[in-house]
Amino acid sequence: MAERENRRNRREREEAPEFADRLVAINRVSKTTKGGKNFGFAALVVVGDQKGRVGFGKGKAKEVPEAIRKATEQAKRQMIRVPLKEGRTLHHDAEGRHGAGKVIMRTAPEGTGIIAGGPMRAVFEMLGIKDVVSKSIGSQNPYNMIRATIDGLKKEASPRQVAQRRGKKVADILGAKSDAPAEAADA
């Protein structure tokens, strides 16, 4: 009995990193049957720890709170980790696509803030990004905008990851940018 309680407490502690969640969209959906229309609700939620982890989820139910709960649970299961530069912005510009949705995300200097439209703003806030400039081109559907944003964020790589992939040192990766213009100027 005590062992079961310990396992339960351990599981609760593992889930303890508090996640913030943001309701992005809620739709009333209906199913027409022989007896009339059955109404339900579809919710789109973005969840993040505001330290570099973010996920999104969809949930459908007869009641709004139940749809939100289902979406939140799905979002927590589908979280991705994104490396952040100085804990406030992206390491490099990125582009994400999903269907007809296309988003462009650019790194920004400190103090810029989050310049982004509705669903993209929710993703950046839950991720913990403080400075970013982004533009959504194409689909205005919040589901596709969020999927495109997540697609772009998955492409994000820190200098450490790039150096590890290439088998080099981080200084070589960061130094390569400053050396290239100097060589071009000498020629």
Side-chain angles (χ1 to χ4, degrees), residues 1-84 87-90 94 96-103 105 113-132 134-136 138-156:
M1 186 75 171
E3 189 177 320
R4 188 179 299 156
E5 287 178 23
N6 286 340
R7 259 189 269 145
R8 188 179 303 138
N9 290 341
R10 200 175 320 123
R11 196 177 310 125
E12 286 173 4
R13 266 187 266 121
E14 287 172 7
E15 293 176 11
E18 245 343 276
F19 294 115
D21 59 340
R22 175 74 46 89
L23 178 65
V24 176
I26 191 127
N27 291 330
R28 190 177 82 163
V29 294
S30 68
K31 177 182 179 184
T32 306
T33 61
K34 186 171 70 174
K37 291 182 180 178
N38 292 337
F39 292 104
F41 294 91
L44 176 62
V45 174
V46 177
V47 171
D49 65 355
Q50 297 176 336
K51 295 176 188 154
R53 289 176 63 196
V54 69
F56 78 98
K58 305 177 300 184
K60 284 188 352 186
K62 296 281 182 199
E63 302 294 328
V64 174
E66 182 67 11
I68 293 171
R69 185 190 65 75
K70 286 180 179 180
T72 305
E73 282 182 11
Q74 184 184 8
K76 286 180 182 176
R77 286 193 302 266
Q78 296 183 358
M79 292 187 89
I80 62 166
R81 181 169 294 285
V82 179
L84 300 179
R88 62 169 189 82
T89 190
L90 302 172
R97 295 190 82 102
H98 186 271
K102 177 181 171 184
V103 297
M105 299 170 281
I114 298 175
I115 299 174
M120 291 175 69
R121 175 179 290 274
V123 173
F124 294 139
E125 286 175 356
M126 295 301 103
L127 188 57
I129 292 180
K130 292 172 184 58
D131 302 304
V132 69
S134 63
K135 180 72 181 158
S136 170
S139 177
Q140 294 300 302
N141 180 330
Y143 289 85
N144 288 346
M145 280 176 71
I146 285 182
R147 284 193 184 106
T149 305
I150 296 288
D151 177 58
L153 291 171
K154 283 180 181 175
K155 297 174 186 173
E156 196 68 23

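Residues Ser136 and Met120 share a closest heavy-atom pair of CB-SD, 3.8 Å. Minimum heavy-atom separation, Gly113 to Asp131: N-OD1, 3.0 Å. Taking each heavy atom of Val29 and Phe41 in turn, the nearest pair found is CG2-N, 4.1 Å. In terms of heavy-atom proximity, Arg97 sits nearest to Asp151 at N-OD2, 3.0 Å. Closest of all the heavy-atom pairs between Met79 and Ala75 is CG-O, 3.3 Å. Among all heavy-atom pairs drawn from Val123 and Val46, the shortest one is CA-CG1, 3.9 Å.
A distance of 8.0 Å separates OG1 of Thr32 from CZ of Phe39, quoted to the nearest 0.5 Å. To the nearest 0.5 Å, the span separating CG on Leu90 from NZ on Lys155 amounts to 13.0 Å. A distance of 4.5 Å separates CD1 in Ile68 from CD1 in Ile26, rounded to the nearest 0.5 Å. In this structure, CD in Glu156 is found 8.0 Å from CG in Leu84, a value given to the nearest 0.5 Å. Within the model, atoms CG of Leu127 and CD1 of Ile114 stand 9.0 Å from one another, a figure rounded to the nearest 0.5 Å. Note: Met145 CE to Arg121 CZ = 11.0 Å, rounded to the nearest 0.5 Å.
Every residue meeting the side-chain contact (heavy atoms from CB on, under 4.5 Å) condition with Arg22, not counting sequence neighbours, appears here in chain and number order: Ala122, Glu125, Met126. When the side-chain hydrogen bond (donor to acceptor under 3.5 Å, both in side chains) test is applied to Thr89, the partners found at least two apart in sequence or on another chain are Thr107.
Within the 4.5 Å cutoff, the side chain of Leu153 has heavy atoms near those of the Met105 side chain. Between Val45 and Lys70, the closest side-chain pair of non-hydrogen atoms is not below 4.5 Å. In this structure, Ser134 and Phe124 have side chains that are in contact, with non-hydrogen atoms separated by less than 4.5 Å. Contact of the Leu44 side chain with the Tyr143 side chain is registered, since non-hydrogen atoms from C-beta on lie closer than 4.5 Å. Using a 4.5 Å cut-off on side-chain heavy atoms (C-beta onward), Lys58 and Gln74 make contact.
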Thr72 and Phe19: side chain to side chain contact (heavy atoms under 4.5 Å, CB included), yes or no, with the steps? CA-CA 10 Å; Thr72 305; Phe19 294 115; over 6 Å; no
Under the criterion side chain to side chain contact (heavy atoms under 4.5 Å, CB included), I'd like the reasoning laid out for Val103 against His98: C-alpha separation, chi angles, the key distance, then a yes or no. CA-CA 9 Å; Val103 297; His98 186 271; over 6 Å; no
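Classification of Glu66 and Arg69 as a salt-bridged pair holds, one side-chain N sitting under 4.0 Å from a carboxylate O.
No more than 12 heavy atoms of other residues, nucleotides or ligands sit less than 6.0 Å from atom NZ of Lys60.
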